[in-house]
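Throughout, protein chains are lettered first and strands after them, A, B, ... in sequence-line order, and every chain is numbered starting at 1. Keep in mind the model is a prediction, meaning the values are calculated, not measured.
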There are 2 protein chains.
Amino acid sequence: MFNTNIYTTRRNELTTKFTSGKVLLLGNIENPINFEHNTYPFRQDSSFLYYIGIKSPQLAAVIDIDQGETILFGNEMTIDEIVWMGQQQTLAEKATLSGIHKVLPFEQLFDYLKKGEKNLIHYLPPYQSHNKLLLGKLLNCPVEQLQPSIVLIQTVAAQRSIKSAEEIVELEKAVDVAVDMHRLAIQMTRPGRYEYQISNAMQHFAQDQGMSFSYPPIVTKRGEILHNHMQFHQVHEGDLLLNDSGVETSLGYASDLTRTFPVGKRFTSLQEEIYQIVLHAFKSAERLLTVGARFKDIHLKACEALVEGLIQVGFMKGNVQDAVVNHAHALFFQCGLGHLIGLDVHDMEDLGEQYVGYTEAEPKDTKTFGLKSLRLGKQLEVGNALTVEPGIYLIPELTQLWEQQNLHKDFVNYDFLKKHLKFGGIRIEDNYIMQENGARRLGKYLEREVNEIYQLKDSAPN
Amino acid sequence: MFNTNIYTTRRNELTTKFTSGKVLLLGNIENPINFEHNTYPFRQDSSFLYYIGIKSPQLAAVIDIDQGETILFGNEMTIDEIVWMGQQQTLAEKATLSGIHKVLPFEQLFDYLKKGEKNLIHYLPPYQSHNKLLLGKLLNCPVEQLQPSIVLIQTVAAQRSIKSAEEIVELEKAVDVAVDMHRLAIQMTRPGRYEYQISNAMQHFAQDQGMSFSYPPIVTKRGEILHNHMQFHQVHEGDLLLNDSGVETSLGYASDLTRTFPVGKRFTSLQEEIYQIVLHAFKSAERLLTVGARFKDIHLKACEALVEGLIQVGFMKGNVQDAVVNHAHALFFQCGLGHLIGLDVHDMEDLGEQYVGYTEAEPKDTKTFGLKSLRLGKQLEVGNALTVEPGIYLIPELTQLWEQQNLHKDFVNYDFLKKHLKFGGIRIEDNYIMQENGARRLGKYLEREVNEIYQLKDSAPN
């Protein structure tokens, strides 16, 4: 946990946005795998972590605006539980560390919430089914009719969007370990290995540093499959390996890095050419990260940089700006340039992208292919932590579909492109914090220039 | 997957127990960690695996008794999903491998179930909240009023309790990898290591064999904490390490092994003395594993063996049989001698221990401390796969409580015992399959004799 006053300050700040009512924060439970008592690793809800900081299951907290107090609802261990799980810090002790001095048995939450007016109980959108059911019971409301509080969502999103100094320290820790983990992956990758071996070795490395993956890693020779979690391929000379992976610190802060590199010692000439295009777009975007800039504009500028390169290679043609305005680049770059990071790798995605990455005045484009996958569009503020992650992906199924639909024939050289549909995909991704004077890359530098990657590969131990 | 005819045979056998109605089998989903799209590793429901065999999320199957057909409900991938996740085997192709020739979109399950009589829809008890909510919606029934089908539970439990030849092959694979994993743990454990390092190295080893942990492993110097998942301790000369861990094959079959060994090269004399008591009880139980024997009786015989030894050490006193009849041994052995294993490490625990480990004629003792934790009590049958896992655990909090309550003063030497409350715990566990001529230990032999463990430690690479 952070220091006690960090949690009380966060709660006090939250409280100022409400004049009356109760803020109900639900913690997570230990989720069953294949029966109730065989459970996945516990992960506390991020907003609960942010305001309460206690990493134990089956808790709820109420910030009572009218009474000006926070109550933690949860149960102390029984003697049976002590026999099975060992004596641990009591809940009251943990609550004290969070600046909370009132702890009540969990069951009392039901009666407690009955007392107040139901429409003054503010809660966030539940994403785990357990908490959907629990909210339904607590509020005596069908699950389909639950109404998360927009004002609470907006308040939490605004507060969590601005990272404090101690949060930045955590994010840097997460990046530093991820950098070493990525170097390990670059150095151990060689012809004959299997993707899962690389992924497993990274997990082992991270866990031995007391961290865990912040999301299921993408470690694949088929980088064009954007959310590829299949890791059964053997990798060969001439293949690319795309490694999108990050770690989470013990306090819950995530990193999210991607590198794409040759399985053998060197890229092929086409691979190097495409890599340089992505790297150029990456650096263009990095330079544009300034306070006040709209991230959607930076995204579109990066798309232009990609299209410039794709025209030079011969995959695209025509006018660069026109191609981007018409979203023709989305055949090669189907997703967004980046997203916020923090206690979640897609920070606060559970609260809704509209509230987290966009504003009411400039809402998210939920229709246009490409833009509908851009999670962050709004102006950057001091304290925002975010990723930059341009890429080029050659997806056979999508190319076939677009050609059949005669889409963007003025911008896409389908005949030439179709000769290279086994290319795969390349992405480069780093993490940044926005400061008054611009963006600062978080954590240690991870090799990204072609010659730097070659050096890493050449110096790999046998 | 197994061969197609295995699944059709299993479903046909299930069908014979019903004259009319529908058997509804729900698959699992990908469960969210901290937001909807950041998910835990997918694990299919075990009964769904058993009858359908398809390891994909968001599926349901209906075995229609009246029509004599099985229908799989699930959705083929959209082009958006292919872009993000890659072209995969179609659902129709997967269904064919399971002998199912009718696949309908998932949404049609709602209308389909409305047609029949609600009380003729048989389903198993849901353990994931997602499926509780889904069942409520499918059957238009409040979640609290769902009524899983007792006849279906009993039929599934009877069928899954008897392992076929190909299931035994899978269980042996799971044991074999776990044996090597345990040897790695014994050899890498030495003063100065941390518990989590040993656990992480085991996970890495298992994953590189294409397997995963079948449950969160217990790797601890404080073996007396029965479900200890804290792994932050550094281990020192003189400590014991208890390692309770197993793996799951790609088809879902689990192993569950425990060894307890010295962190340094040798046990202390008290550790060796207690180890030999547990090993003696273990071998006594192993010899008693015969078809037709009641596992509860074997449990109680093992308790007697433990008490004999505990009297020799001086922790207990009085008559052995009297001590066990009065459950005085439960101060040292608080849990059960074993449980069924299979597609779940506690096989079919989701169906209810009463139906899986006991019979209506001889129900589970849910009150007596010790026996209430015995998951298996009934007569052993040919084809049962199970664990044997006696242990001795010195739990300070429990000892203090019993002494305060003046419990079993005729059988427990509290004064002497209290001098050794930092001892910890020892457990030895192997897996067996019941055959006509007795029990056969599954998989490779894992060192369990004191001198065998010493040899392993002495031959550890640096």
Side-chain angles (χ1 to χ4, degrees), chain A residues 28 31-41 43-46 79 82-88 127-133 136 143 196-197 199-201 203-204 207-208 210 214-216 222 224-230 232 252 334-335 343-346 348-350 395-398 401, chain B residues 28 31-41 43-46 79 82-88 127-133 136 143 196-197 199-201 203-204 207-208 210 214-216 222 224-230 232 252 334-335 343-346 348-350 395-398 401:
Chain A
N28 282 338
N31 285 287
I33 303 172
N34 50 342
F35 52 91
E36 191 186 342
H37 291 108
N38 198 30
T39 56
Y40 286 112
R43 174 53 157 79
Q44 187 55 287
D45 172 74
S46 295
I79 179 71
I82 290 170
V83 167
W84 254 255
M85 296 185 284
Q87 183 75 56
Q88 297 166 20
Y127 51 90
Q128 291 195 343
S129 296
H130 172 83
N131 279 344
K132 293 179 192 172
L133 273 170
V143 169
Y196 65 81
Q197 292 176 322
S199 173
N200 294 343
Q203 181 180 31
H204 188 189
Q207 287 180 340
D208 272 0
S214 45
Y215 53 98
R222 298 200 50 200
E224 82 281 8
I225 302 178
L226 298 170
H227 285 177
N228 191 345
H229 298 135
M230 294 170 292
F232 50 75
Q334 301 81 7
C335 48
L343 280 166
D344 307 301
V345 60
H346 293 168
M348 300 175 277
E349 189 165 297
D350 58 313
I395 304 175
E397 294 82 0
L398 189 67
L401 187 79
Chain B
N28 282 337
N31 284 286
I33 303 172
N34 50 342
F35 53 90
E36 191 187 341
H37 291 108
N38 198 29
T39 56
Y40 287 111
R43 173 54 157 80
Q44 187 55 286
D45 172 73
S46 296
I79 178 72
I82 290 171
V83 167
W84 253 255
M85 296 185 284
Q87 183 74 59
Q88 296 166 19
Y127 50 89
Q128 290 194 344
S129 296
H130 172 82
N131 280 343
K132 293 179 191 171
L133 273 169
V143 170
Y196 65 82
Q197 293 176 322
S199 173
N200 294 345
Q203 182 180 31
H204 188 184
Q207 287 179 340
D208 271 1
S214 45
Y215 53 98
R222 297 201 49 199
E224 82 281 9
I225 301 178
L226 298 170
H227 285 177
N228 192 345
H229 297 135
M230 294 171 290
F232 49 75
Q334 300 82 6
C335 48
L343 281 166
D344 308 299
V345 61
H346 294 169
M348 302 175 276
E349 188 164 297
D350 58 314
I395 303 176
E397 295 82 1
L398 188 67
L401 187 80

Checklist entry - What part of B:Gln88 gets closer than 4.5 Å to chain A, counting heavy atoms only: side chain, backbone, both or neither? => result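 It is the side chain, since no backbone atom gets that close.
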Starting at [atom1] of [X], measure out to [atom2] of [Y] and round the result to the nearest 0.5 Å.
{"X": "B:Ile395", "Y": "A:Trp84", "atom1": "CD1", "atom2": "CH2", "value": "7.5 Å"}
{"X": "A:Arg43", "Y": "B:Ile33", "atom1": "CZ", "atom2": "CD1", "value": "8.0 Å"}
{"X": "A:Ser129", "Y": "B:Asn31", "atom1": "OG", "atom2": "CG", "value": "7.0 Å"}
{"X": "B:Asn38", "Y": "A:Asp344", "atom1": "CG", "atom2": "CG", "value": "8.0 Å"}
{"X": "A:Tyr127", "Y": "B:Glu36", "atom1": "OH", "atom2": "CD", "value": "11.5 Å"}

For [X], which atoms come within 4.5 Å of any heavy atom of chain B: side chain, backbone, both, or neither?
{"X": "A:Met230", "answer": "side chain"}
{"X": "A:Ser199", "answer": "neither"}
{"X": "A:Asn28", "answer": "side chain"}
{"X": "A:Pro396", "answer": "neither"}

Checklist entry - Excluding sequence neighbours, so at least two apart, what forms ring-ring contact (aromatic ring centres under 6.0 Å, His included) with A:His130? => result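 In terms of ring-ring contact (aromatic ring centres under 6.0 Å, His included), with neighbours along the sequence ignored, A:His130 is linked to no residue.
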Checklist entry - Under the ring-ring contact (aromatic ring centres under 6.0 Å, His included) test, which residues partner B:Phe35, sequence neighbours left out? => result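 B:Phe35 satisfies ring-ring contact (aromatic ring centres under 6.0 Å, His included) with A:His346 once adjacent residues are dropped.
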For the candidates [options], which exhibits the highest count of non-hydrogen atom pairs separated by less than 4.5 Å from chain B?
{"options": "A:Leu398, A:Leu226, A:Asn200", "value": "A:Asn200"}
{"options": "A:Asp350, A:Val143, A:Leu133", "value": "A:Leu133"}
{"options": "A:Ser46, A:Pro216, A:Gly252", "value": "A:Pro216"}
{"options": "A:Tyr40, A:Tyr215, A:Tyr196", "value": "A:Tyr40"}

Item to check | Taking every non-hydrogen atom, the tightest pair across B:Ile225 and A:Met85 | outcome: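 Minimum heavy-atom contact is CG2-C, 3.1 Å.
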Checklist entry - Any donor-acceptor pair under 3.5 Å linking the side chain of B:Gln128 with the backbone of A:Pro32? => result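 Yes, the answer is positive, given that a donor and an acceptor are paired below the 3.5 Å cut-off.
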Next on the checklist: Out of the candidates A:His204, A:Gln203, A:Gln197, A:Gln207, only one should pair with B:His204 under the side-chain hydrogen bond (donor to acceptor under 3.5 Å, both in side chains) rule; please name it.
Outcome noted: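 Answer to the side-chain hydrogen bond (donor to acceptor under 3.5 Å, both in side chains) test with B:His204 among A:His204, A:Gln203, A:Gln197, A:Gln207: A:His204.
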